[in-house]
Amino acid sequence: MQVKILWADDEIDLLKPHILFLNQKGYEVEAVHSGSEAIEKCETTAYDIVFLDENMPGISGLDALTRIKELRPLVPVVMITKSEEESIMEEAIGGKIADYLIKPVNPNQILLSLKKTLDQSKLVSEKLNTNYQREFRQIGMDLGDRLSAEEWKSMYKKLVNWDLEFSNMEDQGMQEVFDMQLKEANSAFTKFIEENYLDWVNGVEESPQMLHTLFKDRVATHLKAPVYLIVIDNLRYDQYQILRPMLSKYFTLEQEDIVFSILPTATQYARNAFFAGLMPSEIKKKYPKLWVAEDEEGSKNNNEEELLQKQLDRLGFKGKLGYRKITNLESGKKLAENMSQLKNNDLNVIVYNFVDMLSHARTDMKVIRELADDEAAYRSLTASWFEHSPLQEIMKEIAKTEAKVVLTTDHGTVKVNNAIKIVGPRETNTNLRYKIGKNLNYKEKDVFEVKNPDDAYLPKDNISDVYVFSRNNDFFVYPNNYNHFAKHYMDTFQHGGISLEEILIPYVEMKGKI
């Protein structure tokens, strides 16, 4: 289909060679001598692009731009001017122009502007696909090697970057290829965790930075000055990358890293371990009143502040602790309005639960599931939430201080699509990605099993308790009403098991741009 161009310039007759050049390239150009004519043409005709001379007698290019955008909001407009005055450039850019050219222009400049404006998405997509095809083979070869923990972090960053690139493309042709490679990567990563995790937590092998020592190893090193610790529950690394541009408006990002969560990648275990500075079974042994077992009633995370204070006492911290947990919009607004109450604390901890609630809401509410139909939409919903949330206002206020800011999470989440049958007694926990109990029945090849919970520093209530973890995109379903529950939880975001998305989590240190 031929591209239709409207070109308005009071000296349009002098531009006939340019117009002939574009005609030869297959473009249809309609030429007018004034801004008023351009407006009249746009009232009756839909053009693919408009070229406007900025300095025309009568209605100027800038005035015409405003009227044309009212008539045709989506049409791209290229402004052409003799002036390089900054004020004119700013006014034109504020009018949402697609491109800006300085006279005299040659035909190739016009052609480049057309390509950039009209074919950018296609050209970028083709270039992206070419680059990925080139790297696809190398990623596959790397996945066949025995990657170290640091190499897995680099691999995951690379995969997330590709995922974000593909999600911005209209042409989703390579997305399926990438999804297959991500699945392959998750399978290899699962084997890596199964081979190394128990050795890490038992000190047999040197471990990467893990969640239960993260506060002592990283956060505590900054406690000589005021620190804000922001823990966004269930925040994946790719979600952080989506929030990153918004954060960088207010903060200098001094350190960005990926750290390893613990098993199970569930709030009860991971976040308690982070605040306590201990593995789950150590918490239960050392502070039995602060550990709530799977089969006990009530929230499993009501004792985070006490566990953190215990760790601070062990670290010799004598400063003043402020702890806030935000679980709904009203408590977020209240904190945003009363940030001054935190200014005298040496360490402020803010736990924000929205992302976790979003993943649960997506499972239970049809409208949220439709809004976050895939990974890209799920990330987009996270970004939209943050942009309009009290948390962004809270972060803006923190950025005005000289405090060190640490942003992290306890675990990620993975989109599940493969139901695995498991049988257990009635009292078995309900999490879809891990199970703990006695007399569990499952196929050993389908799970990562920890027959002796002591080996993974996990609590047990019965001598015969075992833990089993689902891998990759699997989730556990009981045989009773199997088809119903398999369908209900299919393509939902869950956590507790082993995957790149759940275990490799963001850790960021930053300072406000005062």
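Treat the numbers as computed from the prediction; the structure is a model and nothing was measured. Any value given below was found using the heavy atoms of this structure, including those in side chains, with hydrogens, waters and symmetry copies removed.
- No side-chain heavy atom of F493 sits under 4.5 Å from any side-chain heavy atom of V414.
- Judged by distance alone, with hydrogens and angles left aside, the side-chain atoms of N202 form a donor-acceptor pair with the main-chain N or O of D455 at under 3.5 Å.
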- prompt: Is there a side-chain contact (heavy atoms from CB on, under 4.5 Å) between D233 and D410 once you walk through the steps?
  reply: CA-CA 6 Å; D233 189 24; D410 45 5; 2.7 Å; yes
Donor-acceptor pairs under 3.5 Å, side chain of residues 497-508 to any protein atom, not counting sequence neighbours: which ones?
{"residue": "S499", "atom": "OG", "partner": "E502", "partner atom": "N", "Å": "3.2"}
{"residue": "S499", "atom": "OG", "partner": "E502", "partner atom": "OE1", "Å": "2.7"}
{"residue": "E501", "atom": "OE1", "partner": "N186", "partner atom": "ND2", "Å": "3.1"}
{"residue": "E502", "atom": "OE1", "partner": "R433", "partner atom": "NH2", "Å": "2.5"}
{"residue": "E502", "atom": "OE1", "partner": "S499", "partner atom": "N", "Å": "3.4"}
{"residue": "E502", "atom": "OE2", "partner": "T265", "partner atom": "OG1", "Å": "3.4"}
{"residue": "E502", "atom": "OE2", "partner": "R433", "partner atom": "NE", "Å": "3.2"}
{"residue": "E502", "atom": "OE2", "partner": "G496", "partner atom": "N", "Å": "2.9"}
{"residue": "E502", "atom": "OE2", "partner": "G497", "partner atom": "N", "Å": "2.8"}
{"residue": "Y507", "atom": "OH", "partner": "E509", "partner atom": "OE2", "Å": "2.7"}

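- Using a 4.5 Å cut-off on side-chain heavy atoms (C-beta onward), I242 and L164 make contact.
- In this structure, OH in Y237 is found 11.0 Å from CG in L159, a value given to the nearest 0.5 Å.
- With ring centers used as reference points, F476 lies 6.0 Å or more from Y442.
- The side-chain heavy atoms of I398 and I230, taken from C-beta on, include a pair separated by under 4.5 Å.
- Expressed to the nearest 0.5 Å, how far CG of D446 lies from CD1 of I420 amounts to 4.0 Å.
- I5 places a side-chain heavy atom less than 4.5 Å from the side chain of L114.
- Side-chain contact check for R146 versus K191: every heavy-atom pair is 4.5 Å or farther apart.
- The main-chain N or O of I326 is never found under 3.5 Å from a side-chain atom of N353 such that the two would form a donor-acceptor pair.
- Side-chain contact between V201 and S207 is absent, with no heavy-atom pair separated by less than 4.5 Å.
- For NZ of K513, the number of neighbouring non-hydrogen atoms (other residues, nucleotides, ligands) closer than 6.0 Å is greater than 12.
- Side-chain atoms of N418 and D474 include a donor-acceptor pair closer than 3.5 Å.
- Proximity of K158 to Q138: side-chain heavy atoms (C-beta onward) are nowhere separated by under 4.5 Å.
- A donor-acceptor contact shorter than 3.5 Å is absent between the side chain of E427 and the backbone of G437.
- The distance from atom CZ of F178 to atom CG of L182, rounded to the nearest 0.5 Å, is 5.0 Å.
- Surrounding CD of Q255 are more than 12 heavy atoms belonging to other residues, nucleotides or ligands, all under 6.0 Å away.
- No side-chain donor-acceptor contact under 3.5 Å links N462 to the backbone of S464.
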- prompt: After noting the C-alpha distance and the side-chain angles of L214 and T408, does the key distance pass the side-chain contact (heavy atoms from CB on, under 4.5 Å) rule?
  reply: CA-CA 10 Å; L214 182 61; T408 190; 4.0 Å; yes
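- Using the six-membered ring where Trp is involved, Y132 and F136 have ring planes that are perpendicular, over 60° apart on the 30 and 60° scheme.
- A salt bridge is defined here as a Lys NZ or Arg NE, NH1 or NH2 lying under 4.0 Å from an Asp or Glu carboxylate O, and K157 with E256 fails to meet this definition.
- Side-chain N or O atoms of S248 include one that pairs as donor or acceptor with a backbone N or O of P245 at under 3.5 Å.
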- request: Please lay out, stage by stage, how E449 and V466 fare under the test side-chain contact (heavy atoms from CB on, under 4.5 Å).
  value: CA-CA 7 Å; E449 58 180 351; V466 300; over 6 Å; no
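- W162 and Q181 share no donor-acceptor pair across their side chains, judged by distance under 3.5 Å alone.
- Residue Y269 forms a ring-ring contact (aromatic ring centres under 6.0 Å, His included) with just one option from F469, F274, W291, and that option is W291.
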task: For the pair I422 and T428, evaluate side-chain contact (heavy atoms from CB on, under 4.5 Å) and give the outcome as yes or no after the intermediate values.
output: CA-CA 11 Å; I422 191 167; T428 305; over 6 Å; no
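- With hydrogens and angles ignored, the 3.5 Å screen pairs no side-chain donor or acceptor of R236 with any backbone N or O of G412.
- Nearest heavy-atom pair across A149 and P208 is CB-CB, 3.7 Å.
- A salt bridge links E393 to K396: one of the charged nitrogens lies within less than 4.0 Å of a carboxylate oxygen.
- Taking CZ of F215 as the start and OG1 of T213 as the end, the distance is 12.5 Å to the nearest 0.5 Å.
- To the nearest 0.5 Å, atom CG of residue N131 and atom CD of residue E165 are 9.0 Å apart.
- Although no hydrogens or angles enter the test, the distance criterion places a donor-acceptor pair under 3.5 Å between the side chain of T413 and the main chain of Q494.
- Applying the 6.0 Å contact sphere to CE of M246 captures more than 12 heavy atoms from other residues, nucleotides or ligands.
- Closest approach of M510 and L253 over heavy atoms only: SD-CD2, 3.6 Å.
- S389 places a side-chain N or O within 3.5 Å of a backbone atom of F386 that can act as its donor or acceptor partner.
- The minimum heavy-atom distance between Q239 and T382, with the atom names listed, is NE2-OG1, 2.9 Å.
- Evaluation of the side chain to side chain donor-acceptor pair (under 3.5 Å) rule for R72 yields no partner, not counting sequence neighbours.
- A salt bridge between D257 and K153 is present, with a side-chain N of the basic residue lying under 4.0 Å from a carboxylate O of the acidic one.
- Here the rule is side chain to side chain contact (heavy atoms under 4.5 Å, CB included) with H411, and of I262, N234, L235 only N234 fits it.
- Taking 4.5 Å as the limit, some side-chain heavy atom of V349 sits within range of a side-chain heavy atom of F275.
- In plain terms, the two heavy atoms of S148 and F192 that are nearest each other are C-CZ, 4.0 Å.
- A side-chain donor-acceptor contact under 3.5 Å links N272 to the backbone of Q268.
- Applying the side chain to side chain donor-acceptor pair (under 3.5 Å) rule to E304 yields the partners R271, N301, Y323, K325; only residues at least two apart in sequence or on another chain are considered.
- The aromatic rings of F475 and Y489 sit perpendicular, their planes meeting at an angle over 60°, well past the 30° parallel limit.
- Rounded to the nearest 0.5 angstrom, T117 OG1 and D48 CG are separated by 11.5 Å.
- Smallest separation of non-hydrogen atoms from A336 and P390: CB-O, 4.2 Å.
- Checked against the 6.0 Å centroid criterion, the rings of W200 and Y457 do not qualify as a close aromatic pair.
- Remark: the backbone N or O of V75 is paired with a side-chain donor or acceptor of K69 at under 3.5 angstrom.
- Across all non-hydrogen atoms, the minimal contact from V3 to Y27 is CB-CD2, 3.6 Å.
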